[in-house]
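All chains are named by letter (A, B, ...) in the order of the sequence lines, taking the proteins before the strands, and each is independently numbered beginning at 1. Treat the numbers as computed from the prediction; the structure is a model and nothing was measured. Note: hydrogens, waters and symmetry copies are ignored here, and every other heavy atom, side chains too, is used.
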2 protein chains.
Amino acid sequence: MSEKIIDELKASIRSIPDFPKKGILFRDITTLLKDAQKFKDTVDLIADKYKNKKIDKVVAVEARGFIFGGALAYKLGAAFIPIRKKGKLPAEVLEATYELEYGTDTLQVHRDAIGAQDKILIVDDLLATGGTVKATCELIEKSGAEIVGIEFLIELVELNGREKLTGYPVDAVIKF
Amino acid sequence: MSEKIIDELKASIRSIPDFPKKGILFRDITTLLKDAQKFKDTVDLIADKYKNKKIDKVVAVEARGFIFGGALAYKLGAAFIPIRKKGKLPAEVLEATYELEYGTDTLQVHRDAIGAQDKILIVDDLLATGGTVKATCELIEKSGAEIVGIEFLIELVELNGREKLTGYPVDAVIKF
């Protein structure tokens with residue numbers, strides 16, 4: 001049953017060559033999002049795994065991560081904690097830096113957003129090289145909270161992002 | 001009942017002076033989002049108004065709009081359509097430009113995302129001068145779809161954003 005649903009979700013992802021630059025095959029989730037049933041199925045599939053895990057807070061990275069993150073926080077009765085690029089959050093922050101192909105980027109979370117007792121679910125749309133999610137894990141661990149799960153809509157398996165996340169419970173709905 | 005809830009939601013918004021620049025009083029929604037009950041109350045308050053309106057698609061602007069947009073699409077059984085800054089969407093787009101204090105900015109939506117028969121709910125976190133939402137309305141109208149409602153978490157009343165949205169059904173949960 002759920003395998004059939006997953007096959008249909010995977011078939012709904014649009015693949016666009018050479019975006020954002022030559023040689024990249026971009027996996028476009030907007031063709032899944034614009035199908036109400038498929039959006040609901042995706043959220044329900046992930047939420048089902050966590051409904052008895054007492055998740056306090058869903059953590060997601062801007063911008064696409066907020067779409068599933070917001071829906072899952074609502075569905076699980078959890079709070080929503082945004083991780084943002086440097087300079088967007090107005091109060092005191094924790095930050096973590098990660099490597100890009102050229103240079104680095106910095107993610108921030110409000111220092112008062114996560115407590116040491118919190119059970120956390122991290123949600124993002126795409127696991128590629130894993131840099132942003134690894135930085136997100138570092139931010140959460142600075143607060144002492146427990147990472148109960150890390151869930152992606154899509155995993156690009158050949159990029160080995162999971163290697164950066166060794167020791168964490170990682171899963172993805174769709175694998176390419 | 002719901003007035004008491006709205007007062008509590010309003011009290012949970014953190015106000016930060018001089019962010020992102022001197023003279024701006026920033027209304028920080030992260031202090032609402034990190035309270036699971038308040039996040040749920042906000043989504044339920046908005047969803048209640050639209051539960052019998054047969055909304056096909058929830059449209060939201062990156063990045064903060066995606067948080068409530070994703071939750072509301074899920075709750076209403078609707079699709080989710082992201083509006084993004086120029087250059088982020090990989091397929092063929094419609095676009096609309098709006099004025100900033102200095103210069104202009106451009107929003108895009110995938111051309112295949114919205115059809116002429118669709119009933120649309122637009123969701124955003126903040127109504128300030130109304131520029132981004134006005135541009136979003138223009139994008140939706142290019143597709144011929146019907147804008148059933150425009151919902152904000154917060155309206156900054158003195159900035160008169162509603163004047164730009166005359167003729168549309170606009171509402172906000174919290175007014176400052």
Side-chain angles (χ1 to χ4, degrees), chain A residues 14-20 24-40 42-44 47 55-58 60-82 84-85 87-91 109-110 112-115 118 123, chain B residues 14-20 24-40 42-44 47 55-58 60-82 84-85 87-91 109-110 112-115 118 123:
Chain A
R14 172 164 53 188
S15 297
I16 298 186
D18 299 324
F19 186 91
I24 305 277
L25 182 63
F26 189 86
R27 304 296 184 172
D28 176 20
I29 67 169
T30 68
T31 38
L32 182 156
L33 298 171
K34 76 172 181 166
D35 181 319
Q37 185 62 49
K38 289 188 173 63
F39 179 58
K40 181 176 187 310
T42 303
V43 175
D44 287 342
I55 299 297
D56 296 299
K57 291 170 179 171
V58 172
V61 182
E62 68 171 305
R64 288 190 305 251
F66 288 3
I67 303 167
F68 287 103
L72 278 159
Y74 180 79
K75 171 75 173 180
L76 292 169
F80 179 84
I81 307 298
R84 304 214 59 181
K85 300 285 176 67
K88 301 285 188 76
L89 291 171
V109 68
H110 274 146
D112 64 4
I114 300 175
D118 286 334
V123 177
Chain B
R14 172 164 54 188
S15 296
I16 299 186
D18 299 325
F19 186 90
I24 304 278
L25 182 63
F26 189 86
R27 304 297 186 173
D28 176 19
I29 68 169
T30 68
T31 39
L32 182 155
L33 297 172
K34 76 172 179 164
D35 181 320
Q37 185 62 50
K38 288 188 173 64
F39 179 59
K40 181 176 188 309
T42 304
V43 175
D44 287 341
I55 298 297
D56 296 299
K57 291 171 179 171
V58 172
V61 182
E62 70 170 306
R64 288 190 305 252
F66 287 3
I67 303 167
F68 288 103
L72 279 158
Y74 180 79
K75 171 74 172 181
L76 292 170
F80 179 84
I81 307 298
R84 303 214 61 180
K85 300 286 175 66
K88 302 286 188 77
L89 291 171
V109 68
H110 274 148
D112 63 5
I114 301 174
D118 286 333
V123 177

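Using a 4.5 Å heavy-atom cutoff, the side chains of B/T31 and A/H110 are not in contact.
Across all their heavy atoms, B/A78 and A/A36 have their closest contact at C-CB, 3.4 Å. Among all heavy-atom pairs drawn from B/F19 and A/G87, the shortest one is CZ-O, 3.5 Å. Listed here is the closest heavy atom pair of B/D35 and A/A79: N-CB, 4.0 Å.
Of the listed residues (B/F39, B/F66, B/F26), the greatest number of heavy-atom pairs within a distance under 4.5 Å of chain A belongs to B/F66. Between chain B and the options A/P90, A/A71, A/A91, heavy-atom pairs under 4.5 Å are most frequent for A/P90.
For B/A73, the parts lying under 4.5 angstrom from a heavy atom of chain A are both the backbone and the side chain. For chain B, the nearby part of A/K57 is the side chain; its heavy atoms alone come within less than 4.5 Å. Neither the backbone nor the side chain of A/A60 comes within contact range of chain B, judged by heavy atoms closer than 4.5 Å. Contacts between B/P20 and chain A at a heavy-atom distance below 4.5 Å are absent for every atom of the residue. For chain A, the nearby parts of B/I67 are the backbone and the side chain; heavy atoms of each come within less than 4.5 Å. At a 4.5 Å heavy-atom cutoff, B/I114 makes no contact with chain A through either its backbone or its side chain. Interface residue B/F80: backbone and side-chain heavy atoms are both found under 4.5 Å from chain A. Proximity to chain A is absent for every atom of B/K38, based on heavy atoms less than 4.5 angstrom apart.
Salt-bridge check for B/R14 with A/D112: passed, with a basic side-chain N closer than 4.0 Å to an acidic carboxylate O.
Every residue meeting the side-chain hydrogen bond (donor to acceptor under 3.5 Å, both in side chains) condition with A/K40, not counting sequence neighbours, appears here in chain and number order: A/D44.
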Practice problem: Using the side-chain contact (heavy atoms from CB on, under 4.5 Å) rule, take B/T30 and A/R84 through it: C-alpha gap first, then chi angles, then the decisive distance, then the call. | Solution: CA-CA 11 Å; B/T30 68; A/R84 304 214 59 181; over 6 Å; no
